[in-house]
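A short write-up of the structure that comes next.
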Number of protein chains: 2
Amino acid sequence: MNQRDAQRLETRRTLAEHALRLFRDQGFDETTVEEIAAAAGVSPRTFFLHFSTKSAAAFPDHDIRVEEFRTRLGSGVDRSNPLSHLCQTLVIGLDTTSPMRRTRYQLLSTVPALQDEDSRTDRDYESVAVAYLIESWGDGVEVRLRAHAVANAMMGVIRASLIAWGDAGIDPQRVCLEMLQRMFGSPFDQPLQSLQSNTATSG
Amino acid sequence: MNQRDAQRLETRRTLAEHALRLFRDQGFDETTVEEIAAAAGVSPRTFFLHFSTKSAAAFPDHDIRVEEFRTRLGSGVDRSNPLSHLCQTLVIGLDTTSPMRRTRYQLLSTVPALQDEDSRTDRDYESVAVAYLIESWGDGVEVRLRAHAVANAMMGVIRASLIAWGDAGIDPQRVCLEMLQRMFGSPFDQPLQSLQSNTATSG
DNA sequence: CATGTCGATGCACTGAGTGCAGTTAATACG
DNA sequence: CGTATTAACTGCACTCAGTGCATCGACATG
């Protein structure tokens with residue numbers, strides 16, 4: 001880790017910290033990028049060197065987490081039951097320890113711009129999940145659709161659980177795992193895996 | 001219908017039509033609101049009298065469709081099986097006849113700004129679905145979470161199917177109904193309905 | 001005909017986000 | 001150690017989405 005890299009990460013961290021604080025204290029729309037930059041002691045232009053949009057500053061660890069997710073998925077040994085492995089990997093990735101993360105999801109239920117950003121981040125997880133499912137099931141038009149549907153549905157459950165965590169403090173891991181298993185448990189998994197063989201019938 | 005109302009709707013329709021055409025032909029980011037307004041023969045200011053954002057012009061019938069959905073849900077007689085009724089109402093609402101709608105979903109897979117808009121519209125459907133489920137199941141912290149999770153998951157399946165329709169021409173109604181039934185069929189519905197009685201055990 | 005309503009317009013403005021050129025300090029290299 | 005290079009940061013000018021406000025003019029209403 002260079003001194004340069006350390007300084008860059010520190011700037012980024014400071015920006016994200018002040019952004020979330022300002023969003024929480026005075027509202028998202030009432031906070032300008034100029035204010036965030038000033039609070040972090042940098043120029044407004046610098047903000048956009050670290051985050052592509054104002055709302056992205058509320059999800060500073062997004063890229064890292066997606067990569068973690070991809071890595072954990074890939075290193076999975078349980079290739080016999082891809083859906084189950086996917087569910088577990090998603091749930092393990094839920095971090096309910098950081099208070100900053102909690103603040104983020106509390107904001108999420110009231111700020112549309114942050115909901116947009118959240119949907120955007122969900123799309124990245126979804127892409128990884130879809131790639132994994134296609135790799136597991138084999139490619140095909142119909143399989144591709146099912147992979148997207150399953151990934152979308154899973155992310156929907158995760159999102160609802162995280163918002164409930166922010167709003168009501170409900171432990172997302174427990175309830176997520178239960179609901180995902182109910183939706184994608186054994187009665188769902190077997191027929192889906194059998195799709196490998198009949199992809200030619202679709203389209 | 002006033003002459004005034006007719007003119008207003010006509011302006012709105014024209015704006016939406018030119019917006020979608022321009023998005024398709026020259027790209028979303030490469031199209032300015034000024035261009036759309038000019039193509040429709042109105043002033044740029046007028047555009048924002050009809051649509052709150054540039055991307056909203058790609059979903060001109062959104063509000064109407066959500067209201068249709070709400071109405072159809074409310075008039076449902078099948079109160080004994082709310083999940084099944086919800087699935088069917090969602091699928092019935094899918095319109096696969098309009099070529100404009102097809103164009104919209106073709107754009108959706110490549111334009112991030114329109115994906116944001118789509119997520120936003122999905123949130124409206126989700127609210128309606130959640131309200132319906134809470135009304136059916138009875139309120140409670142845990143029930144509320146499950147309602148959100150189910151609604152999110154359902155919208156995820158719908159979204160994937162519609163995008164697959166745009167991309168590959170797959171009939172969304174057939175595949176949607178099948179997947180939704182598999183996820184929320186009888187093994188899922190009974191335990192969920194029994195939640196009515198134990199909402200006190202949550203939160 | 002008189003009056004009110006409402007869609008459309010023009011204008012000035014805020015704020016997000018971009019392109020570009022320049023500065024400064026850390027790093028790599030001889 | 002001295003020099004060249006890299007890269008984070010900065011300032012400036014710009015585009016464009018979206019808003020507030022005052023106004024005009026056509027249509028509606030009595």
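Order of the sequence lines fixes the chain letters, A, B, ..., with proteins taken first and strands second; residue numbering starts at 1 for each chain. Note that the structure is predicted; figures quoted are calculated from it, not measured.
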Does the [X] side chain pair with the main chain of [Y], one donor and one acceptor, at a distance under 3.5 Å?
| X | Y | value |
| --- | --- | --- |
| B:E126 | B:N152 | no |
| A:R12 | A:H50 | yes |
| B:K54 | B:A19 | no |

Listed pairs under 3.5 Å, donor-acceptor, residues 58-66 of chain B side chains, sequence neighbours left out:
from, atom 1, to, atom 2, distance (Å)
B:D61, OD1, B:R104, NH1, 3.4
B:H62, NE2, B:D124, OD2, 2.7
B:R65, NH2, B:G93, O, 2.7

Looking at A:E67, I'd like to know if its CD atom is crowded, meaning that more than 12 non-hydrogen atoms belonging to other residues, nucleotides or ligands lie closer than 6.0 Å.
yes
What residues 32-60 of chain A contributes to the DNA chain C interface at heavy-atom separation below 4.0 Å is A:T32, A:V33, A:R45, A:F48, A:S52, A:T53, A:K54
Minimal heavy-atom distance between A:L145 and B:S161, with the atoms involved, is CD1-CA, 3.7 Å
Using atom [atom1] of [X] as one end and atom [atom2] of [N] as the other, report the distance to the nearest whole Å.
| X | N | atom1 | atom2 | value |
| --- | --- | --- | --- | --- |
| A:Q7 | C:dA26 | CD | P | 9 Å |
| A:E30 | C:dG15 | CD | C1' | 13 Å |
| A:D116 | C:dG17 | CG | P | 12 Å |
| A:D29 | D:dT19 | CG | C1' | 12 Å |
| B:L22 | D:dA17 | CG | C1' | 16 Å |

Readout for nucleotides 24-30 of chain D: B = base within 4.0 Å of protein heavy atom, S = sugar-phosphate only, - = neither; 5' to 3' it is --BBS--
_Looking at A:R146 and A:E142, is there a salt bridge between them, counting it only when a charged N and a carboxylate O are closer than 4.0 Å?_
yes
- Message: So that I can tick it off, tell me whether B:D118 and B:R123 are bridged by a salt bridge, with the cut-off set at under 4.0 angstrom between side-chain N and carboxylate O.
- Response: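 Between B:D118 and B:R123 there is no salt bridge, as every charged N stays at least 4.0 Å from the carboxylate O atoms.
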| query | Phosphate oxygens OP1/OP2 of C:dG7: is one of them under 4.0 Å from a side-chain N or O of B:T11? | reply | no
